[in-house]
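Quick note on labels: first sequence line is chain A, next is B, and so on, each numbered from 1.
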Protein chains: 2
Amino acid sequence: MRFSTRGRYGVKAMFVLAQHYGQGPLPLNQIAEDQGLSEAYLEQLVGELRKSGLVKSVRGAQGGYLLGKSPGKITVGDVIRVLEGPIAPADCVIDDDTLDLCDQAGQCVTRLIWKRVRDSITHVLEGITLADMLVEANELHDGEQQSQLKF
Amino acid sequence: MRFSTRGRYGVKAMFVLAQHYGQGPLPLNQIAEDQGLSEAYLEQLVGELRKSGLVKSVRGAQGGYLLGKSPGKITVGDVIRVLEGPIAPADCVIDDDTLDLCDQAGQCVTRLIWKRVRDSITHVLEGITLADMLVEANELHDGEQQSQLKF
DNA sequence: AGCAATACCAACTTGAATAGTGGGATATGA
DNA sequence: TCATATCCCACTATTCAAGTTGGTATTGCT
């Protein structure tokens with residue numbers, strides 16, 4: 001029950017782009033370096049984010065990537081869904097209606113459980129925007145400074 | 001972001017054992033047949049559940065498996081943790097304290113997100129006991145009967 | 001006593017997914 | 001025109017999931 005690196009790296013990359021929002025395109029190598037990730041691998045992920053519209057790209061020299069919308073309008077759930085597929089702890093709850101996958105899905109008690117898990121994860125991830133992450137990053141950093149002053 | 005069959009089948013098996021709670025040992029082939037699962041594969045899973053104490057076994061003819069505690073004292077989270085390992089969407093939030101996995105975990109914003117996801121999943125899974133599942137199964141079945149009467 | 005039913009155990013297999021790497025084509029600002 | 005970028009596709013290595021197979025040990029029943 002882990003998110004793969006696809007989703008996790010993707011969120012990190014989007015966070016970096018959010019930090020540079022409004023400052024022109026940011027080249028991939030800076031994002032990769034900033035987060036300590038493989039640039040070639042990250043390229044695949046950002047490519048999918050671009051196709052989904054969550055990021056835009058500018059080709060050529062001085063090019064790079066930008067957010068497709070403002071940080072307040074992109075949730076972590078948006079990013080995860082593009083890179084990891086539908087948020088669902090089991091295939092039978094990818095959506096609410098198609099019960100095809102299991103002949104007795106209608107009477108299945110475990111399915112109710114996976115639905116609740118799914119909704120709970122979705123609720124968390126839909127509730128956090130990139131803008132929220134920027135705020136939290138500031139709070140973390142402030143705390144860090146304070147504890148540095150203490151010692 | 002899926003639970004594997006290990007956890008999902010394990011919960012199903014535990015549910016069947018809960019349905020037979022107080023009625024003596026239930027052999028594995030009946031559990032497997034009831035849920036439409038491979039007996040040989042399920043054996044591995046139940047073996048781990050036994051080692052963890054969640055189920056007890058009786059060897060020999062007329063033997064089988066029983067719950068180790070009453071259905072009200074076993075949560076879905078207990079079962080999942082035995083079969084899937086710690087509930088955590090990323091390695092860096094397996095527990096709260098060891099930050100070893102990531103040198104900047106203390107200032108990592110994404111880590112806060114994975115913690116919230118983890119806590120939210122844990123809250124759901126810890127909040128559902130096998131006894132709760134029995135109740136829900138009855139409710140599902142009642143609804144099923146009603147809709148059968150309607151048509 | 002002996003048989004059938006059952007748990008127990010460990011090794012093996014198959015396929016898919018993860019987490020990348022590598023090489024080249026295309027676009028573009030300076 | 002050149003360095004800096006995105007873009008795109010094919011390849012690989014490792015790990016994990018999801019079983020299967022075959023055998024041993026135990027025990028109730030007749």
When all nucleic acid strands are considered with a 4.0 Å heavy-atom cut-off, which category describes B/Y9: base, sugar-phosphate, or nothing?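 B/Y9: backbone/sugar contact only, no base atoms under 4.0 Å.
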Both B/S57 and A/E39 contact DNA chain C. Taking the nearest nucleotide for each, which residue is further toward the 5' end?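 Of the two residues, B/S57 wins.
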Assign each of A/V58 and A/F3 to its nearest nucleotide of DNA chain C by heavy atoms, then name whichever residue's nucleotide is nearer the 5' end. A/F3
For the side chain of [X], counting heavy atoms from C-beta on, which of [options] is nearest?
| X | options | value |
| --- | --- | --- |
| A/N29 | D/dT20, C/dG20, D/dA5 | D/dA5 |
| A/R59 | D/dA18, D/dT27, C/dT28 | C/dT28 |
| B/L28 | C/dT18, C/dA7, D/dT20 | C/dA7 |
| A/T5 | D/dG19, D/dA5, C/dG20 | C/dG20 |
| A/Y41 | C/dC9, C/dC8, C/dA19 | C/dA19 |
| A/A61 | D/dG28, C/dG20, D/dA3 | D/dA3 |

To the nearest angstrom, how far is [X] atom [atom1] from [N] atom [atom2]?
| X | N | atom1 | atom2 | result |
| --- | --- | --- | --- | --- |
| A/L42 | C/dT21 | CG | C1' | 14 Å |
| B/E48 | C/dC9 | CD | C1' | 12 Å |
| A/E43 | D/dT6 | CD | P | 7 Å |
| B/D91 | D/dT15 | CG | P | 14 Å |
| A/E84 | C/dA19 | CD | C1' | 13 Å |
| B/Q44 | C/dC12 | CD | C1' | 11 Å |
| A/L45 | C/dG20 | CG | P | 10 Å |
| A/Q30 | D/dT4 | CD | P | 13 Å |

Under 3.5 Å, side chain of B/N138 to main-chain N/O of B/V135, donor-acceptor pair present? no
So, does B/D132 use its side chain to make a donor-acceptor pair with the main chain of B/T129 at under 3.5 Å? yes
Option passing side chain to side chain donor-acceptor pair (under 3.5 Å) with B/R6 (candidates B/E48, B/E84, B/Q44):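 Answer to the side chain to side chain donor-acceptor pair (under 3.5 Å) test with B/R6 among B/E48, B/E84, B/Q44: B/E48.
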Can you see if the side chain of [X] gets near the phosphate of [N] - specifically, an N or O under 4.0 Å from OP1 or OP2?
| X | N | result |
| --- | --- | --- |
| A/S38 | C/dA19 | no |
| B/S4 | D/dC16 | no |
| A/R50 | D/dT6 | no |

Do the side chains of B/L37 and B/L45 join up, straight or via other hydrophobic residues, at under 4.5 Å, putting them in one cluster? yes
Quick one: sort the A/Y41 and A/Y9 rings into parallel, tilted or perpendicular, breaks at 30° and 60°. perpendicular
Can you confirm whether the side chains of B/T122 and B/D119 place a donor and an acceptor under 3.5 Å from each other?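 Short answer, no.
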Which sits closer to the 5' end of DNA chain D, A/V46 or A/Q62, going by the nucleotide each is nearest to?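 The 5'-side residue here is A/Q62.
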